[in-house]
> 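Dropping the structure in here first, questions after.
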Amino acid sequence: MFPGEFEYHRATSTDEAVRLLADNDGAKLLAGGHSLLPMMKLRLAVPTVLVDIGSIEELAFVRQDNGDLVIGSMTTHADIAASETVAAGHGALAEAAASIGDVQVRNLGTIGGSLAHADPAADYAAAALALDAQIEVLGPDGERSIAAADFFAGLLTTSLAPAELITGVRFPGAGGATSVYEKFAQPASGFAIVGVAAEIKADGGSCAAARIAATGISDRPVRLSQVEAALVGAALDDDGIAAAAEHADAGLTDVRSDMYAAQDYRRHLLGVLVRRAVTRAGS
Amino acid sequence: MTRIKMTRIRMSVNGVEHTHEVEARTLLVHFLRETLGLTGAHVGCETSICGACTVLIGGRAVKSCTRLAVQADGAEITTIEGLASDDELHPLQQSFWDDHGLQCGFCTPGTILAAHDLLTRNADPDDAEIRHALEGNLCRCTGYQNIVKAVRSAAASMREAGGTT
């Protein structure tokens with residue numbers, strides 16, 4: 001299987017990449033290529049121009065900035081999974097990265113590419129939403145920042161404009177909270193049938209704050225606000241967590257159903273994974 | 001008919017410099033096999049699942065069916081053909097032979113290179129770590145017991161040799 005024909009450009013700076021995107025209708029960015037190239041082989045994507053940002057080295061970094069964690073868009077899953085800086089305060093992100101695909105995929109796939117592709121079962125999506133990430137982008141009109149809650153717009157769709165590129169992802173400091181990612185993976189592809197990211201701030205034995213989000217459930221990641229509301233002030237013991245997890249699928253109307261998992265099964269998995277994630281993050 | 005635009009690429013493969021003109025859509029696995037004649041990287045599933053096309057780029061295992069040749073411009077690549085030195089097999093090749101880590105051999109180059117990536121990061125992996133590192137390599141005949149055993153014994157002989165390979 002070959003991709004179709006396209007014109008290839010290698011951008012040497014983010015400004016050049018944005019200009020190439022703006023000047024060429026039908027142009028797509030090529031990051032790690034692990035979502036785009038398979039789609040091109042299947043002719044599900046037929047870009048006429050590819051703008052390769054793989055050699056823009058300043059887009060690959062993990063750093064702390066005024067208490068925030070900032071990750072460059074071209075940072076690979078392997079580097080995020082191996083980063084002590086990420087693991088220290090943002091466990092859900094490190095665990096999501098480590099759970100993607102396999103070693104070879106993690107060595108080339110990037111966080112920016114994954115977010116822009118917006119697969120409904122992508123692991124980062126749950127972590128980005130639960131950890132309140134800001135997606136930093138550059139376009140013809142300059143820089144802007146998009147909250148994760150506003151970024152995912154539907155199946156394989158984001159609020160990025162055609163000539164915009166993700167430069168980095170900013171996560172607020174954990175502020176004493178602990179976060180984890182729990183996933184039930186499809187055994188062949190490794191994609192999440194359901195994945196849950198939970199960030200819990202414990203105070204004594206009870207929950208002071210909670211942010212929980214799930215992937216694989218709908219056409220985009222979802223926040224589980226009712227679980228969060230039930231958790232705050234509740235005891236972080238088996239009973240308290242189980243009671244809150246009862247609300248896991250409350251209010252979710254378009255739960256996916258496909259050949260891997262029926263809707264009822266996904267709802268069931270969601271409850272189980274919420275319980276596991278909150279138990280681990282709250283302990 | 002419009003002439004197809006070619007892109008000049010240069011890369012080091014198994015320590016040898018190569019410069020060629022390629023069509024932008026040429027996949028790295030096809031470039032290695034058809035242009036350079038290195039047929040050890042196999043074309044399996046073509047969907048980045050099976051790992052038969054695994055090669056090392058800068059020492060890290062990657063699936064060469066999901067990489068354009070133009071993306072590997074300037075890279076240092078190792079294929080299975082680059083592991084043995086003179087008449088001596090690499091410890092991983094020797095242990096796959098000794099421990100019956102292969103049957104038909106189709107997955108073997110990719111599996112060995114994925115194991116190579118693991119052993120450069122972790123000289124003494126346990127079985128769970130070996131299995132985790134080989135998650136992206138599917139074997140459809142021998143099964144994985146002897147593959148894991150082979151990686152374990154290769155790790156031991158490489159440690160004895162002082163990790164020089």
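Residue numbers begin at 1 in each chain, while the letters A, B, ... track the order of the sequences. All values reported here derive from a predicted model rather than from experimental measurement.
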> If you count heavy atoms of other groups shown closer than 6.0 angstrom to CD of A:Glu84, is the number above 12?
no

> Should we say atom CD of B:Glu129 is surrounded by more than 12 heavy atoms from elsewhere, each under 6.0 Å from it?
yes

> Counting only heavy atoms not in B:Glu34 (residues, nucleotides, ligands), do more than 12 fall under 6.0 Å from its CD?
yes

> Please collect all salt bridge (charged side-chain N to carboxylate O under 4.0 Å, His left out) contacts where either partner lies in residues 105-127 of chain A, sequence neighbours excluded, each pair once.
A:Asp123-A:Lys183

> Please list, in residue-number order, every residue in residues 10-31 of chain A that has a heavy atom less than 4.5 Å from any heavy atom of chain B; write 'none' if there are none.
A:Arg10, A:Leu30, A:Ala31

> Check the surroundings of atom CZ in A:Arg43: do more than 12 heavy atoms from other residues, nucleotides or ligands lie under 6.0 Å from it?
yes

> Grab the two heavy atoms, one from B:Ala24 and one from A:Tyr8, that are nearest each other, plus how far apart they are.
CB-CB, 3.5 Å

> So which atom in B:Arg60 and which in A:Ala78 form the shortest heavy-atom distance, rounded to 0.1 Å?
NH2-CB, 3.8 Å

> Can a donor-acceptor pair be found between the side chains of A:Gln104 and B:Asn137 at a distance below 3.5 Å?
yes

> Using 0.5 Å steps for rounding, measure from the CZ atom of B:Arg25 to the CD atom of A:Glu7.
14.5 Å

> Between B:Leu27, B:Ile57, B:Val70, which residue shows the highest count of heavy-atom pairs closer than 4.5 Å to chain A?
B:Val70

> Is it the side chain or the backbone of B:His132 that comes within 4.5 Å of chain A heavy atoms, both, or neither?
both

> Tell me, yes or no, whether the heavy-atom count around B:Glu88 atom CD, taken from other residues, nucleotides or ligands under 6.0 Å, exceeds 12.
no

> Show, in sequence, the C-alpha distance, side-chain angles and deciding distance for A:Val103 and B:Leu118, and conclude whether the side-chain contact (heavy atoms from CB on, under 4.5 Å) test is met.
CA-CA 9 Å; A:Val103 170; B:Leu118 168 69; over 6 Å; no

> Please determine whether the number of non-hydrogen atoms from other residues, nucleotides or ligands lying under 6.0 Å from atom CZ of A:Arg280 exceeds 12.
yes

> Take A:Leu37 and B:Gln71 through the test side-chain contact (heavy atoms from CB on, under 4.5 Å) and record every step on the way to the result.
CA-CA 12 Å; A:Leu37 292 177; B:Gln71 288 178 285; 3.7 Å; yes

> Please list, one pair per line, the donor and acceptor atoms closer than 3.5 Å that link side chains of residues 185-196 of chain A to other protein atoms, with sequence neighbours excluded.
unit_1	atom_1	unit_2	atom_2	d
A:Gln186	OE1	A:Ala188	N	3.1
A:Gln186	OE1	A:Ser189	N	2.8
A:Gln186	OE1	A:Ser189	OG	3.3
A:Ser189	OG	A:Phe191	N	3.1

> Pick one of side chain, backbone, both or neither for B:Thr54, based on which atoms fall under 4.5 Å of a heavy atom in chain A.
side chain

> Which region of A:Leu42, side chain (C-beta onward) or backbone (N, CA, C, O), has a non-hydrogen atom less than 4.5 Å from a non-hydrogen atom of chain B, or is it both or neither?
neither

> Would you give me the side-chain donor-acceptor pairs under 3.5 Å for residues 39-49 of chain B, sequence neighbours excluded?
unit_1	atom_1	unit_2	atom_2	d
B:His42	ND1	B:Phe106	O	2.6
B:Glu46	OE1	A:Met1	N	2.2

> Under 4.5 Å, counting heavy-atom pairs only, tell me which of B:Thr26, B:Leu68, B:Thr7 racks up the most with chain A.
B:Leu68

